[in-house]
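One structure is given below, encoded as C-alpha cells.
A note on names: the letters A, B, ... follow the listed sequences, proteins ahead of strands, and every chain is numbered from 1.
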Amino acid sequence: GTDDHSSDLFWESRINMIHFVLLVSRQGKVRLTKWYSPYTQKERSKVIRELSGVILNRGPKLCNFIEWRGYKVVYKRYASLYFCMCIDEADNELEVLEIIHHYVEILDRYFGSVCELDLIFNFHKAYYILDELLIAGELQESSKKTVARIISAQDQLVEAAKEEASSISNIIAQATK
Amino acid sequence: MDNLFQRSLEDLIKGFRLQLLGESSFISRALEEIRREVKATDLSTKSTALHKLSYLAAIHGVDMSWAAFHALEVVSSSRFHHKRIGYQAITQSFHDQTSVLLLITNQLRKDLNSVNEYEVSLALECLSRIGTRDLARDLSPEVFTLLGSSKSFVRKKATGVVLRVFDKYPDAVKVCFKRLVENLETSDPQILSAVVGVFCELASKDPTSCLPLAPEFFKILVDSRNNWVLIKLLKIFSKLASVEPRLGRKVAEPICEHMKRTVAKSLVFECVRTVVSSLSDHEAAVELAVAKIREFLVEDDPNLKYLGLHALSIAAPKHLWAVLENKEAVVKALSDEDPNVKLEALHLLMAMVTEDNVSEISRILMNYALKSDPLFCNEIIISVLSVCSRNAYEIIVDFDWYVSLLGEMARIPHCQRGEEIEHQLIDIGMRVRDARPQLVRVSWALLIDPALLGNMFLHPILSAASWVSGEYVEFSKNPYELVEALVQPRTDLLPPYIRAIYIHSVFKVLVFCLGSYFSAQESSSGSSSTVYESILNLVNVIEIGVWPLSGAYDVEVQERAKNVLGFIGMAKQDIAKNVNLQDNDAEACRVTAFMEDMFSEELGPISANAQEKVCVPDGLELEENLGDLEEICGKFLKPVESDSVSCTDKISFSVSKLRIRDQQEASSSSTSLPAKASSSLLAEHRKRHGMYYLTSEKNDPDSNGTPKDYPPANDLASEILLDPLDPKRKAKHRKSRPVVVKLDEGGESRITTSQAKTKQESVTDDESLSRAIQSALLVNKKGKEREKCEGNSNLVVQEEETSRIEKPQNSEKKKKKKKKKNGERTSGKHRSRRRSEVASSSEQVEIPDLLL
C-alpha cells in the first residue's frame with residue numbers, strides 16, 4: 001500500500017524530461033544526486049535504495065534501461081560508477097544514454113581522466129558541470145567545448161573572489177571588525 | 001578569525017573517509033558543527049558551513065530545510081563564490097511551503113538583472129527549481145527580458161526556465177510567447193534546441209494549441225541536422241498528428257529521409273516510433289520503419305534489441321503483420337538473459353494471439369514456462385490466463401483444449417497463480433455447459449495426484465477441482481475413483497476450508513450414486529449383486545475416509561464430516577435390505593431424492609453488478625437497527641445447536657438444520673448474532689463460497705426470510721442465456737464454439753465513463769495553459785503577418801499567409817468568423833478530394849495550407 005501512496009506523490013505534473021540524476025558507486029555509495037522534480041527527503045532515500053538495489057544487481061550484458069514504477073531509468077556503468085537518469089516512458093532512451101556519455105566526457109575533460117575520487121572530493125564541481133549541461137531537466141548545451149569554457153570562466157570568478165578575500169587588507173579589515 | 005579554524009568541505013570529506021565513529025554519529029557531529037558555524041556573522045564561515053551541509057544533504061540525505069534562511073543570507077553576498085553556494089543550498093532546502101520563500105523574490109530579481117551573466121544563470125537555474133506561482137508571476141517580466149538577451153548563454157537558460165514559469169503561472173504565456181516563437185528562427189543551435197525542447201513539452205500537454213506553429217516546426221524538421229533537435233521535433237509532430245491527421249502525409253517524407261540518412265540510432269528509433277505510433281496510415285513510411293525495427297532486432301546490442309521489441313509492441317495494434325513477420329525473433333527473445341527483453345517479447349507474443357493460433361502460442365509459452373525462473377514463469381502463466389479469459393473467453397473455441405491447458409498449468413513446478421486458475425475452472429464450469437465433461441476429467445486427474453497436495457500454491461486449484469467434480473458428478477466416469485481421490489490420506493495437507501469443500505463434494509457424489517442406485521432399483525425391481533456390491537464399496541470407502549474427520553479440530557470440517565456420516569448411517573440400512581425394497585417410503589430413498597433435487601439446481605455466473613439490479617423491496621428498512629433480532633434468533637438456534645453434537649442422529653435433522661440455518665443467514669446476515677461457533681463458521685464459509693448456497697433458498701418454498709423480489713443470480717444468468725450471441729462473433733464459430741454465458745457489460749461501460757471523466761478533468765487542468773497559448777498565438781500571428789506582408793518574396797510565405805488570421809480585435813468573434821471561412825474554403829477547393837470530412841473534425845484549429 002505504501003508504494004502506491006508514494007508513487008502518487010511523484011511528479012504529478014510533468015514539466016521536464018529528466019526527473020532526476022543519480023550517481024552510485026559499485027558498492028552502493030551515492031556520489032551525486034540531482035532532483036528536477038520535487039520530492040521529500042524520505043522519497044529520495046527510498047528511490048535511491050530501490051534503484052541502486054535493482055541496478056547494481058543487473059548483469060553486464062543486459063540492456064541499459066529498466067522499467068520502474070511507470071517510468072524508465074536509463075543507466076550506464078563507467079568504471080566503478082553507475083550514472084542513472086530517470087525519464088518518462090515515452091522519452092528516448094538512446095538519447096539519454098548519449099546525454100550520460102556526454103556528461104562523462106565533459107567530466108573527463110575537466111578533471112583529466114576522471115575517476116571516482118575526483119567526484120568525491122569535487123562533488124560541487126560535478127554539480128556545476130551538470131547544471132551547465134541540463135537545465136530544468138532538459139539538455140541545454142550539447143557542445144563540450146562550450147561547457148568547458150563556461151565552467152572555467154566561473155572558476156576564474158571564484159578564484160578572483162578568493163584572492164581578494166584572502167588578501168592581507170581584507171583579513172585585517174575582518175579582524176578589526 | 002574563526003575562519004582559519006573551520007573545517008572546509010574537503011576536510012569534511014576526508015574526515016568522513018577516515019572516521020571510525022560510524023556513519024550516523026559522524027554525520028550528527030558534523031551537523032552540530034555546521035549548525036554552530038552557520039550562525040556566524042562572517043559570510044565566508046557561513047557559506048562554508050552551508051556548502052558542507054549541501055554535501056551532506058546531497059550525498060547522505062540529511063534534511064536541510066532548516067537552513068533555508070541561512071541560504072538566503074549567503075545568496076545576498078556580493079561574491080560569486082558565496083552566491084553559487086547559496087543558490088545551490090536554496091534549491092536543496094526550499095519547497096513550496098518554505099516560510100522564507102517570500103524573501104527571495106527581490107534577490108532573484110536583482111540577480112536576474114545582473115550584468116554578470118553567470119549570476120543571471122544562477123538565478124535562472126534556481127527559479128527553474130523552486131519557482132512557485134507567486135515567483136513565476138512576479139518574475140515573468142524579467143524572464144521575458146532575458147528571452148531577448150543578446151547573450152546567447154543567458155537566452156538559452158531563460159528559455160529553459162520558461163516551462164516552469166508557464167506551468168506555475170499560465171498568464172505569463174501572454175507576455176513571453178512571442179519571444180519564444182521568435183527564437184524558433186534563431187541560428188544559434190543551442191537556443192534552438194532549448195526552444196524546441198520547450199515546445200515539445202507544450203505540445204505534449206496540449207497539441208491543439210501548438211498546431212498553428214506547424215509550418216515553423218516543419219521548416220526545422222527539414223533543415224536541421226542536429227539530432228537532439230530532430231528528436232524533439234519528431235515528438236512534437238507525433239503529438240500534432242494525433243489532433244490533425246492531415247499533417248501525417250506532409251511529414252512522412254522528411255521523416256523517412258532522416259531514417260534513411262542518419263546513423264544515429266537514437267534518431268532512427270525516434271523516427272520509427274513516430275511512424276508506427278502516429279503515421280500508421282502511411283504505408284511506405286511504416287514499411288521502412290518496420291525494416292529498421294528488423295535491423296534492431298538482429299543486433300547484438302541488448303539495448304537495440306529491447307527497443308526493437310518495444311517499437312514492435314507499439315506497432316502491434318495497427319500493424320500486426322509487422323509482429324508476425326518477426327515472430328521468430330520475438331520467440332527467440334523469450335529466452336534472452338535480460339528480463340526486460342523477455343517481458344517485452346512475452347507482451348508481443350500475447351498481442352499476436354488470435355482464435356487460430358492461441359493453442360500454438362500457448363504451447364510455445366508453456367514450454368518456456370517450464371524452463372524459466374519462477375518470476376518469468378508466473379508472468380507467462382498470468383499473461384496466458386488473462387489473454388484467454390478476456391471478454392468471457394472470446395478467443396477460445398475449443399474449451400476442452402483450454403481446460404486441459406489449465407490443468408497443465410497446475411503442473412508447472414513454479415506455478416503460483418492458483419487463485420486465477422481456480423477462478424477460471426469454476427467460471428468455465430458455470431458458463432460453458434459443453435466444457436463440463438472435460439472439466440471433470442481434468443479435475444479428476446488433478447485430484448488423484450497425491451504430489452500436488454504438497455504444494456500450497458496449488459491448493460486453490462484443487463479446491464476448484466474438487467468443487468467441479470462434486471457439482472458435475474454426472475459426468476464422472478468412475479465415481480468410486482473420484483471418491484478415493486477426495487478422501488486420500490494426503491488431503492490432510494489441505495487447509496480446513498478446502499477440506500470442507502472436499503467433503504462436501506464427497507457428499508454430492510454419494511447422493512448422486514445413491515440416487516441413481518435407488519432409481520435403478522425402482523424401475524427394474526431388483527438389481528444384480530454387483531451393483532449392490534459396488535455401491536456398498538463406495539459407501540465403505542467414504543465411511544473409512546471421512547470417519548477420522550468427525551473429530552477434526554476445525555468445526556466446519558467436523559460438521560460436514562458428520563453430515564456425511566449421518567447420511568451414510570441412515571442409508572446403509574436401506575441399502576442392506578435392498579432386495580425387498582419395493583415401498584417408496586424408505587427414508588433414505590426420500591431423503592436422497594430430496595438431496596439430489598437440491599444439488600441438481602444449476603449454478604450460474606454472477607454479474608459484477610448483480611447487486612445493483614436487486615431493488616430494495618417496499619417496507620424493508622436497510623438502515624434500521626436489527627439488534628432486536630438477536631433475541632429471536634438466539635431462541636430459534638439453540639435447540640438445533642444442542643442436537644448437532646450427537647452423530648448418531650439421523651440425517652433428516654441435519655438437512656433441516658441446514659435449511660433453517662440458511663434461512664437465517666439470508667434474513668439476518670447483518671445482525672450481531674451471538675458467536676455460536678458453528679453458525680459463524682457457516683456464515684464465514686457462506687461468505688467465502690457464497691455460490692454454493694444459492695440454491696437452498698429457492699428450494700425452500702416456505703422461506704419467508706427472503707423476499708420474493710430478490711431475483712437469484714441464476715435467473716439473471718438464464719435470462720441472458722436466451723439472448724442472441726454477440727453480433728461481433730463470426731458466423732463460422734456459431735456452431736463449433738460452445739455457448740458461453742456472458743452477463744451484461746454494464747460494468748465495463750461504467751468504467752469507461754469514469755475514465756472519460758478523469759480525462760475530462762485533466763483536460764480542464766491544462767485548459768488555462770492552452771487557452772493562454774492559443775490567445776498568445778493569435779496576437780503573435782498578427783504581428784508576424786504584418787512583417788511578412790512587407791517582404792514576401794517566396795511562395796511558401798504567401799501560401800502561409802492566406803490561411804493566417806487577420807486582425808484579432810476580439811479574439812472570440814474572430815475565431816468564429818475564421819472557422820466559417822476555413823470551412824467554406826475547404827469545401828470549395830477540395831470538393832473532389834475526400835478531405836472535407838477531416839476538415840470538419842479539426843475546425844477549432846487553424847492549420848496553414850502549407851501543410852495540407
Side-chain angles (χ1 to χ4, degrees), chain A residues 13-17 29-36 38 40-41 44-45 48 58-59 61-67 90-98 120-121 123-124 127-128 131-132 134-143 146 150 153-154 157-158 160-162 164-165 171 174-175 177, chain B residues 1 3 9-10 13-14 17 42 44 51 54-55 57-63 79-82 84-85 88 95-96 116 118 124-125 128-129 153 156-157 160-161 163-164 167 189-190 193-194 197-198 201 204 226-228 231 235 265-266 269-270 273 302-303 305-307 337-341:
Chain A
S13 72
R14 170 204 153 113
I15 50 165
N16 36 28
M17 176 172 125
K29 295 254 186 248
V30 179
R31 293 302 178 211
L32 185 146
T33 57
K34 178 109 190 171
W35 310 86
Y36 293 100
T40 64
Q41 199 67 53
R44 293 179 184 182
S45 344
I48 294 173
R58 275 174 70 84
K61 281 183 198 162
L62 309 187
C63 72
N64 294 103
F65 324 124
I66 44 179
E67 286 163 37
D91 279 318
N92 193 312
E93 296 90 342
L94 293 174
E95 183 191 9
V96 176
L97 266 186
E98 283 167 31
I120 293 173
F121 285 105
F123 105 107
H124 50 294
Y127 267 93
Y128 299 147
D131 282 349
E132 293 310 325
L134 300 175
I135 188 164
E138 291 284 346
L139 181 80
Q140 56 159 337
E141 184 54 69
S142 54
S143 153
T146 315
I150 293 166
Q154 295 187 45
L157 262 179
V158 171
K162 268 190 189 159
E164 189 194 327
I171 291 176
Q174 276 206 1
K177 211 186 253 174
Chain B
M1 279 310 299
N3 202 352
L9 174 62
E10 201 174 332
I13 295 170
K14 275 187 185 150
R17 292 171 67 79
D42 170 36
S44 3
H51 202 185
S54 288
Y55 171 79
I59 305 296
H60 299 290
V62 170
D63 175 58
R79 297 217 185 102
F80 181 74
H81 178 53
H82 295 161
R84 186 145 80 160
I85 291 169
Q88 192 180 1
H95 49 83
D96 285 359
N116 182 340
Y118 299 113
L124 282 170
E125 165 75 22
S128 82
R129 302 280 297 284
F153 174 70
K156 168 186 86 183
K157 293 227 170 185
V161 176
L163 216 47
R164 174 96 188 194
D167 188 59
Q190 299 311 329
S193 165
V198 170
E201 297 304 326
S204 76
N226 179 332
N227 292 343
W228 313 95
I231 288 172
K235 286 188 186 300
K265 298 288 186 201
S266 55
F269 177 67
E270 201 57 49
R273 175 154 56 187
N303 288 341
K305 207 186 294 171
Y306 169 77
L307 290 176
E337 274 180 83
D338 194 329
N340 287 348
V341 173

Worksheet item: Aromatic rings B:Y306 and A:F65: how do their planes relate, parallel, tilted or perpendicular, breaks at 30° and 60°?
Response: tilted
Which atom names give the shortest non-hydrogen contact between [X] and [Y], and what distance separates them?
X	Y	result
A:D131	B:E125	OD1-OE2, 3.4 Å
B:A58	A:T33	O-OG1, 2.8 Å
B:G160	A:I135	CA-CG2, 3.9 Å
B:R129	A:W35	NH2-O, 3.0 Å
B:P339	A:L62	CD-CD1, 4.2 Å

Between [options], which shows the greatest number of heavy-atom pairs under 4.5 Å with chain B?
options	result
A:L157, A:T146, A:N92, A:L134	A:N92
A:L97, A:L32, A:N64	A:N64
A:K29, A:E93, A:R44	A:E93

Discussion item. Please report the interatomic distance CD(A:E132) to CZ(B:F153), rounded to the nearest 0.5 Å.
Written reply: 4.5 Å
Practice prompt. Flag the pair A:E98 / B:W228 as yes when at least one side-chain heavy-atom distance between them is below 4.5 Å, and no otherwise.
Written response: yes
Worksheet item: Does some side-chain heavy atom of B:Y55 sit less than 4.5 Å from a side-chain heavy atom of A:H124?
Response: no
Please classify the contact of [X] with chain A as side chain, backbone, both or neither, using a heavy-atom distance under 4.5 Å.
X	result
B:V198	neither
B:N303	both
B:N227	neither
B:I59	both

Option in [options] with maximal non-hydrogen atom pairs under 4.5 Å from chain A:
options	value
B:L307, B:L124, B:D63, B:V161	B:L307
B:R17, B:Q190, B:H60, B:K156	B:Q190
B:H82, B:Q88, B:E10	B:Q88

Item to complete: Would you confirm whether A:R58, through its side chain, and B:D338, through its main-chain N or O, come within 3.5 Å as a donor-acceptor pair?
Response: no
Worksheet item: Checking B:K235 side chain against A:A90 main chain: does a donor-acceptor pair fall under 3.5 Å?
Response: yes
Item to complete: Report the C-alpha distance between B:R84 and A:Q154 in whole Å, list the side-chain angles of each, state the deciding distance to 0.1 Å, and finish with yes or no for side-chain contact (heavy atoms from CB on, under 4.5 Å).
Response: CA-CA 10 Å; B:R84 186 145 80 160; A:Q154 295 187 45; 3.1 Å; yes
Worksheet item: For A:I66, is it the side chain, the backbone, both, or neither that has a heavy atom closer than 4.5 Å to a heavy atom of chain B?
Response: both
